Peer 1: 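Okay, here's the structure, questions in a sec.
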Amino acid sequence: FLWVIQILLALLFLFTGTSKLRMPDEQLTAGSSLSAGFLHFIAVCEILGALGLVLPRLFKTATWLTPLAAALLVIIMIGATVSTLGAGPVVALPLVAGVLCIVVAWGRWRVAR
């Protein structure tokens, strides 16, 4: 169950992270009060988080990185949820992704003990 969630979240964060990096700065910052540099930083964090969700468990090394990556992605999703509050139903995507990251972090920390 956790593996399925981890893989789906990793694909989501890889997609959103690479999309933000490939997008022109004008398009990336349109409708946002955040700078392009900060959004690029978030994109890199999303990509690293996606890798952290899958690779440590896959290679069975430094498995403590998986719950840490999930917990740090929760922080990004809190920011994404707050920034999309006025956008209506779109707020559901970062909210659900954040909750799933909490499930992965909690489940993997519990298993790691």
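Since the structure is predicted, the reported quantities are computational estimates derived from the model, not experimental observations. Computed over heavy atoms, backbone and side chain alike; hydrogens, waters and symmetry mates excluded.
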Peer 1: For A105 and A71, work out which heavy atoms get closest and say how close.
Peer 2: CB-N, 4.0 Å

Peer 1: Do the side chain of T63 and the main chain of K60 share a donor and acceptor less than 3.5 angstrom apart?
Peer 2: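 Looks like no, no N/O pair under 3.5 Å.
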
Peer 1: Is any side-chain heavy atom of T81 closer than 4.5 Å to a side-chain heavy atom of V91?
Peer 2: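 Side chain of T81 against side chain of V91, heavy atoms only: contact under 4.5 Å found.
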
Peer 1: Each residue besides L93 in its hydrophobic cluster should be listed here, by chain and number; the cluster joins Ile, Leu, Val, Met, Phe, Trp and Tyr at side-chain heavy-atom distances under 4.5 Å.
Peer 2: none

Peer 1: Would you say F13 and M77 make side-chain contact, with heavy atoms under 4.5 Å?
Peer 2: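 Counting from C-beta outward, F13 and M77 do come under 4.5 Å.
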
Peer 1: Flag yes if L11 and F1 sit in one hydrophobic cluster, no otherwise; membership is Ile, Leu, Val, Met, Phe, Trp, Tyr, and two members link when side-chain heavy atoms are under 4.5 Å apart.
Peer 2: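 Same cluster: L11 reaches F1 through Ile, Leu, Val, Met, Phe, Trp or Tyr contacts under 4.5 Å.
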
Peer 1: Nearest 0.5 Å, what's the CZ-OG distance between F41 and S35?
Peer 2: 11.0 Å

Peer 1: Using side-chain heavy atoms (C-beta onward) and a distance below 4.5 Å, is V44 in contact with I47?
Peer 2: no

Peer 1: Check V74 against C101 and note the closest heavy-atom contact, atom names and distance.
Peer 2: CG2-CB, 3.4 Å

Peer 1: Is there a chain of hydrophobic side chains (I, L, V, M, F, W, Y, each step under 4.5 Å between heavy atoms) that links V96 to L2?
Peer 2: yes

Peer 1: Flag yes if V90 and I76 sit in one hydrophobic cluster, no otherwise; membership is Ile, Leu, Val, Met, Phe, Trp, Tyr, and two members link when side-chain heavy atoms are under 4.5 Å apart.
Peer 2: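 Looking at the clustering, I76 is in a separate group from V90.
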
Peer 1: Just wondering, do V104 and P67 contact through their side chains at under 4.5 Å, heavy atoms?
Peer 2: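 Not in contact.
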
Peer 1: If you round to the nearest 0.5 Å, how far is OG of S33 from CZ of F38?
Peer 2: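 Between F38 CZ and S33 OG, I get 10.0 Å after rounding to 0.5 Å.
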
Peer 1: How far apart are the closest heavy atoms of L65 and P56, and which atoms are they?
Peer 2: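 Shortest heavy-atom separation between L65 and P56 comes out as CB-CG, 3.7 Å.
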
Peer 1: Restricting to non-hydrogen atoms, name the atom on G49 and the atom on A69 that form the minimum distance, rounded to 0.1 Å.
Peer 2: O-CB, 3.9 Å

Peer 1: Please say yes or no: joined through hydrophobic side-chain contacts below 4.5 Å, possibly via intermediate residues, are L48 and L14 part of one cluster?
Peer 2: yes

Peer 1: Please report the shortest heavy-atom distance between S32 and L39, naming the atom on each side.
Peer 2: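 Closest heavy-atom pair between S32 and L39: OG-CD1, 4.4 Å.
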
Peer 1: Give a yes/no verdict on a cation-pi contact between R108 and W3, requiring under 6.0 Å between NZ or CZ and the six-membered ring centre and an angle within 45° of the axis.
Peer 2: yes

Peer 1: Looking at L53, is its backbone amide N or carbonyl O close enough to the side chain of Q6 to form a donor-acceptor pair, meaning the two atoms are under 3.5 Å apart?
Peer 2: yes

Peer 1: Any chance you could measure S83, atom OG, to L34, atom CG, to the nearest 0.5 Å?
Peer 2: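 Spacing of OG (S83) from CG (L34) equals 6.5 Å.
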
Peer 1: If you round to the nearest 0.5 Å, how far is CD1 of I42 from CD1 of I75?
Peer 2: 12.0 Å

Peer 1: Are I7 and L100 connected in a single hydrophobic cluster, I mean Ile/Leu/Val/Met/Phe/Trp/Tyr linked by side-chain heavy atoms less than 4.5 Å apart?
Peer 2: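 Same hydrophobic cluster.
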
Peer 1: Report all side-chain donor-acceptor pairs from residues 22-31 shorter than 3.5 Å, counting only partners two or more places apart or in another chain.
Peer 2:
{"from": "D25", "atom 1": "OD1", "to": "H40", "atom 2": "NE2", "distance (Å)": "3.4"}
{"from": "T29", "atom 1": "OG1", "to": "D25", "atom 2": "O", "distance (Å)": "2.9"}

Peer 1: Got a second to check how far L73's CG is from I78's CD1, nearest 0.5 Å?
Peer 2: 11.0 Å

